[in-house]
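Order of the sequence lines sets the chain letters (A, B, ...), proteins ahead of strands, with each chain counted from 1.
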There are 2 protein chains.
Amino acid sequence: MATASSCEEQEPVTIADRVFNQLREAILGGKMAPGQKISEPELASSYGVSRGSLREAIARLESCNLVERKPNVGARVITLSIEELMEIYHIREALEGMAARLAADNMESEEISELRKIVETQRNEISGGNYAYFLKEVDLDFHFRIIQGSRNRRLIRLLCKDLYDLVRFYRASFSASSPRPEEAYQEHSAIVAAMERGDGEMAELLMRHHIRASRENARRSFEAMQDEPVTGQTARQ
Amino acid sequence: MATASSCEEQEPVTIADRVFNQLREAILGGKMAPGQKISEPELASSYGVSRGSLREAIARLESCNLVERKPNVGARVITLSIEELMEIYHIREALEGMAARLAADNMESEEISELRKIVETQRNEISGGNYAYFLKEVDLDFHFRIIQGSRNRRLIRLLCKDLYDLVRFYRASFSASSPRPEEAYQEHSAIVAAMERGDGEMAELLMRHHIRASRENARRSFEAMQDEPVTGQTARQ
DNA sequence: TCATGATCTTTTGTCGACAAACCTAGAGAA
DNA sequence: TTCTCTAGGTTTGTCGACAAAAGATCATGA
């Protein structure tokens, strides 16, 4: 089955495209530390491309909010504080709530059935004691399908291309996961139930509640990591 | 008084900055038609800069969603259909609703007093029969201040820098204004009242209602323009 | 010892030139 | 007439080089 996780990532056609994808994966995969300087000559020779192409790739990374650039100074990988992560969660709450409302109106009934199947898969994985990587993939699949179901192309781009990248970046840079599978399953199930009834308003409320809970969970796990910095890479530059 | 309408536009420091600002103003001011091809050699010589700098400016316009680029083909000014404008309004509804909720919690009481003053200014202008340019400025000021009051920097950037530009672009390209001053005043006043009570949830609901009404107004005025294309530049390429 | 300033190196911003891809116009065949 | 294919011109993608700005280093003086 085609996993919907990688939300329509088009294959590179130009050199700048390729370098952009590679750099993006390097940043999201944690291979470049937050705040790290991006040296144009160094990276250009490392990727074997000219500085011009690299600069275009950097410009695109900047438009994804993955790097910050200062004139005449250069570009750095962003640093996400916990406050900024909270900001992102607030935006996600508003936008994914709207997406759930629109999806309840616009998704075909068979698409909603597939959503139900995803949630059941999630339940089986949990009862099987599987808390691993696959579970996170299923979670992403659930959210992405609802976002796609909104049929609002700009909303889809905003959420999948920009905001989810940032959350992924935060997870990579702080190596903070701490999912809460049982609660998430319950909430997902309730959201799908509302959509099955065609109740967009309730779907929105439940989705917002779900993301709010996820936000509080992230905040708590951050504070726990602060108190006990045993292996915590508190990247505080 | 410093008008908050121009949401912190930093002055250009590099050539690409300057060209970006000029092109942006040209597009938003209606001097470049929707869908118009952006020829790099032509514009570069017209602005007296090299193609490299111009390409960087275009890349930044693309990140604002004001131009679309296809590899090996080139860039065009975007064309906003009415459906896409409706998409933008849905996003604004979600985000500005959230902004109003956060602003109710985070704005100082004196800031809220200034909001009240703005709404009163609006009422005076309306009762004075002044439906002109200034009224739209006041409206923008109202919305921008609430957005700023959310204290959520990413939300501020998203709304002021990206989405409002697109609405402004749509107004310029379709020359569709048709405000509804009385209703807008009532709704603004109710929003401020909720914020004065510190009722963030109600502020969010009222803001969403306000933007929903604005969306329906835009849709109606579009349909009216469709039926009676006397001077309507139905830019349907 | 510390602050201050000058000099030098590195990095970024900008430019012009070349190669590849695309679009267009015209000739030829069905 | 209409379709197809080719040739030409134009535009974009890419590259290396130069100038200006920022940062680093070291010397000087209080």
[X] [atom1] to [N] [atom2], straight-line distance once rounded to whole Å:
X	N	atom1	atom2	value
B/Lys70	D/dT12	NZ	P	14 Å
B/Phe20	C/dG13	CZ	P	16 Å
B/Arg18	C/dG13	CZ	C1'	13 Å

### Task
Decide whether A/Ser81 and A/Glu84 meet the rule of one side-chain donor and one side-chain acceptor closer than 3.5 Å.
yes

### Message
Is it true that B/Arg92 and B/Tyr164 share a donor-acceptor pair across their side chains at a distance under 3.5 Å?
### Response
yes

### Query
Is the shortest side-chain N to carboxylate O distance from B/Arg145 to B/Glu96 below 4.0 Å?
no

### Message
Check this for me, if you would: do B/Asp165 and B/Arg24 make a salt bridge, where the nitrogen-to-carboxylate-oxygen distance has to be below 4.0 angstrom?
### Response
yes

#### Entry: Interface residues of residues 36-43 of chain B with DNA chain C (non-hydrogen, below 4.0 angstrom)
none

#### Entry: Gap between atom OG of A/Ser214 and atom CG of A/Asp139 - 0.5 Å precision
8.0 Å

### Query
Does NZ belonging to B/Lys31 count more than 12 external heavy atoms closer than 6.0 Å?
no

### Message
I'd like to compare against my own output: the B/S/- annotation of nucleotides 14-25 of chain C with a strict under-4.0 Å heavy-atom distance to protein.
### Response
BB-B---SS---

### Query
Are B/Asn152 and B/Met98 close enough that some pair of their side-chain heavy atoms sits under 4.5 Å apart?
no

### Short side-chain to backbone donor-acceptor contact, B/Glu56 and B/Ser53, under 3.5 Å
no

